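Accompanying notes for the structure given below.
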Amino acid sequence: MKLKGEMEQLVDQPGRFIHIKIGDGSFHMLRRPISIADVDKENHTITLVYKVTGKGTEWLSERVAGDKVDALGPGGQGFEITEVKNEKILVIGGGVGVPPLYHLTKELVENNDVTVILGFQSKEAVFYEKEFNQFGDRVQTLVVTDDGSYGEKGLVTDIASEFSQDSTRYFTCGPLPMLKAVKNQLVEIPGHISLEERMGCGIGACFACVCHSTNESGYVKVCKDGPVFSSNEVIL
Amino acid sequence: MKLKGEMEQLVDQPGRFIHIKIGDGSFHMLRRPISIADVDKENHTITLVYKVTGKGTEWLSERVAGDKVDALGPGGQGFEITEVKNEKILVIGGGVGVPPLYHLTKELVENNDVTVILGFQSKEAVFYEKEFNQFGDRVQTLVVTDDGSYGEKGLVTDIASEFSQDSTRYFTCGPLPMLKAVKNQLVEIPGHISLEERMGCGIGACFACVCHSTNESGYVKVCKDGPVFSSNEVIL
Amino acid sequence: MKLNVNLGELSLKNPVMPASGCFGFGKEFSEFYDLNQLGAIVIKAATGEPRYGNETPRVAETAAGMLNAIGLQNPGVDGIIERELPFLESLDTPVIANVAGSTIEEYVMVAEKLSNVSTIEAIELNISCPNVKEGGIQFGTDPEVAQELTKEIKRVSGKPLFVKLSPNVADIVGMAKAVEHAGADGLSMINTLTGMRIDPHTKKPILANGTGGLSGPAIKPVAIRMIHQVRQITDLPIIGMGGITTTEDILEFILAGADAIAVGTANFQDPLVCKNLIDQLPNTLRKYGYESLQEVREARCTQVSI
Amino acid sequence: MKLNVNLGELSLKNPVMPASGCFGFGKEFSEFYDLNQLGAIVIKAATGEPRYGNETPRVAETAAGMLNAIGLQNPGVDGIIERELPFLESLDTPVIANVAGSTIEEYVMVAEKLSNVSTIEAIELNISCPNVKEGGIQFGTDPEVAQELTKEIKRVSGKPLFVKLSPNVADIVGMAKAVEHAGADGLSMINTLTGMRIDPHTKKPILANGTGGLSGPAIKPVAIRMIHQVRQITDLPIIGMGGITTTEDILEFILAGADAIAVGTANFQDPLVCKNLIDQLPNTLRKYGYESLQEVREARCTQVSI
Ligand SMILES: Cc1cc2nc3c(=O)[nH]c(=O)nc-3n(C[C@H](O)[C@H](O)[C@H](O)COP(=O)(O)OP(=O)(O)OC[C@H]3O[C@@H](n4cnc5c(N)ncnc54)[C@H](O)[C@@H]3O)c2cc1C
Ligand SMILES: Cc1cc2nc3c(=O)[nH]c(=O)nc-3n(C[C@H](O)[C@H](O)[C@H](O)COP(=O)(O)OP(=O)(O)OC[C@H]3O[C@@H](n4cnc5c(N)ncnc54)[C@H](O)[C@@H]3O)c2cc1C
Ligand SMILES: Cc1cc2nc3c(=O)[nH]c(=O)nc-3n(C[C@H](O)[C@H](O)[C@H](O)COP(=O)(O)O)c2cc1C
Ligand SMILES: Cc1cc2nc3c(=O)[nH]c(=O)nc-3n(C[C@H](O)[C@H](O)[C@H](O)COP(=O)(O)O)c2cc1C
Ligand code: FES
Ligand code: FES
């Protein structure tokens, strides 16, 4: 889905999200957070890629070109990469965590070499591989599936280990068990982890979306301090 | 609003209603009853005329040509007029009670002379007068307004009395205070009264829409036994 | 797929039944589908004498729900037995009678008469009525009164007795324990939450009665919570209700601890809803990996809530 | 149009304030509009020590509402006074502190500390917390405990005290009488109804805590009913809340008996909602024929409910 508006000017980093109102009226009282998967500053659009998992994403999927959508954002802190140059980077994504990594990889590839590992449950679940393949030589994209029905069989961590010595840094987004495994395995290089959590306000006021942290207060808010955190800041 | 479907074949009498689902999903759990204001058997359409008074009628007013509407009906008992011939009839309507009387008058005029008295709050509220004027010589249409801003000033009962001696029968539909006044004034001729009541099921199962009655059980259900009742059957 | 379920002595071919008061005595809905498809039918509350009920308006819409204050309108227990039950006699699906009253004596009389009719296979005791002798306090909010009432009914009725709990209490578990102790064979939960709406035009409550019972999807989370809590302390069969509109809702109720479910308000939005839920249930169960209704009941969530 | 209202000693420029827990300590919303526009601000609950609260997920959507089980996460009363209140100090709108705890001693300590801060103009007592000493029964469901707690707070606090009632009771009028008798200066009602949702995929409650508090439009009819009932027996100022999303809702609450209102869940759907309600209120009042807020309060519906 592409949204047109003024918001793209505000998207300074990949990895931020927008908080979308579902339906008219007050049947759906909570907005849905969806990552910004791409930004087109010329055409004033942002791209969202989402999986239909419930009523909210179902409603989104029923919008047609020209419909208006009430979106709050861009929210939170994304991947801080302005200083990241001439590195060999590992990007690891799983399931609905893949979309924001597209925008990230697009920005990273301007100054770095990138290896992208995407994990999915099965062949049917694979998406966006083609888009990653379009980045050219500096990006190598590998796909794994849980059941081996596409790409290599196994988990992202199975191949991540092959690349870890060679890499200077990793970025990851995906389901919590995958993030935990990645964090536990790739301890030797700096990591940047994008978390998912059920949200209320989406702006830092309601404390719905916290995660345990090593910081002084003992917590971070995913919607405001994140969704992207450095790997040693959060306790998964 | 015009609805196209198969229902028009079932509309055997003027004065029946359809029960309309509002919105998708389950924010609005109650349907809205709206009278059938006209039927076009050739084009398979029925006409509804309604006033926007709340969320449901507001939603209806936002439908555009081609949209689907979930309507249950036709419900209830309408005006029984197959035997009514060569009479002088008084048709008295007020506010949103006017629409079903259009269909009624259209059928009545084939065999009877009809005097129509329509009452509204003020000039701005007047509607459908033109349509009634199209019936030709056998129908005489008079409009009164509470504030005198259009037609004669006063209540429908103020002029109804002028015609009552001359008439053989009356039909009426409108707000409860008006129906009461009409019933109390026109005691000498048979009357047929169409009632409004808040409905649940609309099919006679929930007992939401009852009215006190002179019958054995002491009540009638507006949605199933009515909305049209003979004047001596109901206690208003 | 096997959808059958036993609620103690009562065998249902599937877990879906209409809720009391939302289905009259079945006649109107029989014009929409064959009532034999239903797991059971719960008929409208019966009282000792015919009642007219409250003045109108008796219903008002609310966000994802509605208020009702019908006021127990019904033709009285004798009228029901004479004029309404014959139509249900030949059905091949259990009929459950809902019993109400203003005094213990009235409840007992109604329950006894209905228990003696062969068409009625179980009694549902509606304890959400105001107790006139005790100055209008509901039978359903005082565990001792509910216990006494249940005992008295058990004394006169040989039919399985489901006590229908009111959610307007601080301690639903205490209520459930009290009626189980008194001999209830099962529980129905939940009845409506007491609510009100005011019309900004007239400045008065929309319902002529002032307050009314809140039902529909709005109250589903309260129903799920109460059923879950009560399931931790009893093995009695539970008929769950409160806001069911979809087969996923049914799954949620059964995982919370219900054995069968009743659909109330949704019948007004869609008169075919019970039939449709029954037709769709096998597909939904398969989608979530179940091969029978029994499997869902066994997968019940037994985590103790806080 | 005159929208001002006095709640006892407290003067508000308009009747609209954000509800506790739905507005943090104001900072985030100050990026959307000028907080001075608000009638008052109710800040998030304070406890004696910093609390992390419950594990996540802490929120779940429901039909026209939501469940939350934040679990009183907050930086503790000292943390709030040091790090959060300075931001609110210069505001020209009253700040009301919401006080929570697990024991009477904790409540008293928190209330005392907050009462001594000049930024805080009133205390809202959140009695919906489980009482650890009494085995987890809520302070808000036992009138005697609520009464004692209220008395103890009054002893240490010179600021106007609003007791926030829990709707999870059979007899809200009894609770209101108990706290009024103990010296409450006003009432806030209602807090959330306890609810639950179960995820058919995982077969477990969606909230890590199991149960959570139901808020949003779904509960509005319960709030209106309780406020209306309580208004019949007291002249205390009432801050009404529960599902407000529109100016018509505000009118309904005030006609039911509230003097001011708080908006909770709706802030999540629309962060500008409080400001928009305040801007639109004069037009809505005019539409229904009022020339001031005071007139609406005088038009209150005093019909005794059944
Ligand atoms: C920062 C962030 C970025 C995200 N980006 C994407 C993306 O780019 N593409 C994509 O497909 N999905 C993304 N998700 C997940 C997405 O928010 C959920 O899939 C979506 O909210 C589900 O809504 P629903 O109404 O379809 O499902 P339902 O299950 O009906 O939703 C009910 C409630 O649960 C919440 N919820 C359900 N699943 C999740 C989840 N996994 N994470 C957070 N809240 C959830 C919803 O927001 C809603 O409040 C993101 C989540 C977060 C927190
Ligand atoms: C048999 C019958 C025929 C009707 N025919 C027409 C018609 O042809 N044209 C027309 O404009 N109106 C007609 N009405 C009135 C119409 O049903 C209401 O205006 C409409 O339901 C209001 O819905 P709302 O959502 O816009 O208002 P809201 O006030 O938001 O409605 C809330 C609830 O109250 C009910 N309700 C509100 N006002 C009425 C009312 N006056 N009568 C019954 N229920 C009400 C609604 O059905 C709904 O359940 C008829 C009513 C009945 C009973
Ligand atoms: C119009 C109406 C009438 C009802 N009448 C009764 C009744 O007579 N006896 C009873 O026990 N419950 C009665 N109820 C409560 C329902 O049986 C059910 O417990 C409640 O509505 C919750 O289910 P729902 O949300 O699916 O409607 C009635 C509910 C409605 C809406
Ligand atoms: C996420 C969330 C957190 C809340 N936290 C508190 C709290 O800390 N203290 C309190 O008294 N009430 C708390 N509440 C209750 C609200 O203040 C309010 O009473 C309730 O939500 C009803 O209003 P609403 O329907 O407008 O949300 C909270 C509600 C929500 C949704
Ligand atoms: S969603 Fe409210 S603090 Fe993050
Ligand atoms: S609306 Fe249900 S009986 Fe008339």
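Lettering of chains follows the sequences in order, A, B, ..., and the numbering in each one begins at 1. On a predicted model such as this, the values are computed, not experimentally measured, just so you know.
- With a 6.0 Å radius and a threshold of 12 heavy atoms from other residues, nucleotides or ligands, B/E62 has its CD atom above the threshold.
- The number of heavy-atom neighbours closer than 6.0 Å to CD of B/Q121, taken from other residues, nucleotides and ligands shown, is 12 or below.
- Residue contact with chain B, scored on non-hydrogen atoms closer than 4.5 Å, involves the backbone and the side chain of C/T265 alike.
- Looking at B/I22, neither its backbone nor its side chain comes within 4.5 Å of chain C, counting heavy atoms on both sides.
- When the heavy atoms of residues 70-81 of chain C are compared with those of chain B, the residues falling under 4.5 Å are C/I70, C/Q73, listed by number.
- Residues B/V210 and C/R58 meet the side-chain proximity criterion, which asks for heavy atoms closer than 4.5 Å.
- Chain B forms more heavy-atom pairs under 4.5 Å with one residue of C/P50, C/G243, C/A63 than with any other, namely C/A63.
- Taking all atoms of both residues into account, the shortest heavy-atom contact from C/A60 to B/L30 is C-CD1, 4.1 Å.
- By the neighbour-count criterion of 12 heavy atoms within 6.0 Å, atom NZ of B/K41 is densely surrounded, having more than that number from other residues, nucleotides or ligands.
- The shortest heavy-atom contact between C/Y52 and B/G218 is CE1-O, 3.9 Å.
- Taking NZ of B/K21 as the reference point, atom CG of C/D270 lies at 8.5 Å (rounded to 0.5 Å).
- Contacts between residues 16-40 of chain C and chain B, defined by a heavy-atom separation under 4.5 Å, are made by C/G21, C/F23, C/G24, C/E28, C/F29, C/E31, C/F32.
- Here the closest heavy-atom approach between residue B/G200 and residue C/V59 is recorded as N-CG2, 4.1 Å.
- Note that the NE2 atom of B/H212 and the OG1 atom of C/T56 stand 7.5 Å from one another [nearest 0.5 Å].
- C/E61 pairs with exactly one of B/R32, B/R198, B/K55 by the side chain to side chain contact (heavy atoms under 4.5 Å, CB included) rule, that one being B/R32.
- For B/S217, no part sits under 4.5 Å from any heavy atom of chain C, backbone or side chain.
- Within the 4.5 angstrom heavy-atom criterion, only side-chain atoms of C/P217, from C-beta onward, approach chain B.
- Other residues, nucleotides and ligands place no more than 12 heavy atoms under 6.0 Å from the CD atom of C/E49.
- A donor-acceptor pair shorter than 3.5 Å cannot be found between the side chains of B/H28 and C/Q269.
- At most 12 non-hydrogen atoms from other residues, nucleotides or ligands lie less than 6.0 angstrom from CG of B/D24.
- Listed by chain and residue number, B/M7, B/L10, B/V11, B/R16, B/I36 satisfy the side chain to side chain contact (heavy atoms under 4.5 Å, CB included) test with B/P74 (two or more places apart in sequence, or in another chain).
- Here the straight-line distance linking atom CZ of C/F268 with atom CZ of B/R31 works out to 12.0 Å at 0.5 Å rounding.
- Applying the side chain to side chain contact (heavy atoms under 4.5 Å, CB included) criterion to B/L155, with sequence neighbours excluded, gives B/D146, B/T157, B/D158.
- For B/H19, no part sits under 4.5 Å from any heavy atom of chain C, backbone or side chain.
- Proximity to chain B is absent for every atom of C/T246, based on heavy atoms less than 4.5 angstrom apart.
- The distance from atom CG of C/L272 to atom CG of B/L72, rounded to the nearest 0.5 Å, is 8.5 Å.
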